[in-house]
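Read the structure below first, then the notes.
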Amino acid sequence: PGDFVVQFGPGDGHSFDFGLDFTGCAIHKFFQAEQAGHFAKYMCRIDYLTTSFNGIELIRTGTIANGAEKCDFRFRKMKTN
């Protein structure tokens, strides 16, 4: 019950290469259990940084920590100049 719940989705061939929809977030659940749920949204911002280190762009419209029903991760390889 405290784990991630995620579904993989293939890319659309144009705007992203693949996607992950998280309907359960272990990080958010942990923060909630520690009465620190309001801090979880700051952890979500780190995702952009860690993916960019690997040459991957993250596109996301919502997170559970910010009140969305799911975290919708969409990934695409960064274009190099």
Side-chain angles (χ1 to χ4, degrees):
D3 208 345
F4 291 100
V5 179
V6 63
Q7 287 187 309
F8 172 83
D12 64 6
H14 177 66
S15 61
F16 67 98
D17 298 322
F18 70 94
L20 298 172
D21 287 335
F22 286 82
T23 55
C25 175
I27 296 167
H28 184 253
K29 292 173 188 177
F30 172 77
F31 276 83
Q32 291 289 88
E34 296 297 318
Q35 287 76 47
H38 55 285
F39 289 117
K41 63 184 177 184
Y42 300 108
M43 294 295 295
C44 299
R45 293 180 178 196
I46 295 171
D47 296 333
Y48 292 98
L49 184 62
T50 57
T51 55
S52 70
F53 286 152
N54 291 303
I56 300 169
E57 180 182 8
L58 169 61
I59 303 108
R60 187 168 57 201
T61 62
T63 65
I64 295 168
N66 282 312
E69 290 183 20
K70 65 181 179 181
C71 302
D72 60 337
F73 288 74
R74 300 298 178 262
F75 300 97
R76 68 178 161 205
K77 186 174 173 115
M78 288 182 170
K79 295 181 179 173
T80 57
N81 293 335

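Here, residue 1 is the first one in the sequence, and each next residue gets the next number.
More than 12 heavy atoms of other residues, nucleotides or ligands sit less than 6.0 Å from atom CZ of Phe18. Atom NE2 of His38 has more than 12 neighbouring heavy atoms from other residues, nucleotides or ligands inside a 6.0 Å radius.
The backbone N or O of Gly11 sits nowhere less than 3.5 Å from a side-chain atom of Asp17 that would complete a donor-acceptor pair.
Two different hydrophobic clusters hold Met78 and Ile56 under the rule that ILVMFWY side chains link at heavy-atom gaps under 4.5 Å. Residues Phe31 and Val6 fall within the same hydrophobic cluster, defined by Ile, Leu, Val, Met, Phe, Trp and Tyr side chains chained together at heavy-atom separations under 4.5 Å. In the hydrophobic clustering of this structure, Ile59 does not group with Leu20; members are Ile, Leu, Val, Met, Phe, Trp, Tyr whose side-chain heavy atoms approach within less than 4.5 Å, directly or through other members.
Nearest heavy-atom pair, Gly24 versus Ile64, reported as atom, atom and distance to 0.1 Å: N-CD1, 3.9 Å.
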Review item, side-chain donor-acceptor pairs of residues 39-53, under 3.5 Å, at least two apart:
unit_1	atom_1	unit_2	atom_2	d
Asp47	OD2	Arg60	NH1	2.7
Thr50	OG1	Ile46	O	3.3
Thr50	OG1	Asp47	O	3.2
Thr51	OG1	Asp47	O	2.9
Thr51	OG1	Tyr48	O	3.2
Ser52	OG	Tyr48	O	3.4
Ser52	OG	Leu49	O	2.8

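Within the 4.5 Å cutoff, no side-chain heavy atoms of Glu69 are placed close to those of Thr23.
Using a cutoff of 4.0 Å between basic side-chain nitrogens and carboxylate oxygens, Arg74 and Asp21 are scored as salt-bridged.
Rounding to the nearest 0.5 angstrom, the gap separating the CD atom in Glu34 from the NZ atom in Lys29 is 15.0 Å. Atom-to-atom distance recorded for Ile27:CD1 and Gln32:CD is 13.0 Å, nearest 0.5 angstrom.
The aromatic rings of Phe4 and Phe22 sit perpendicular, their planes meeting at an angle over 60°, well past the 30° parallel limit.
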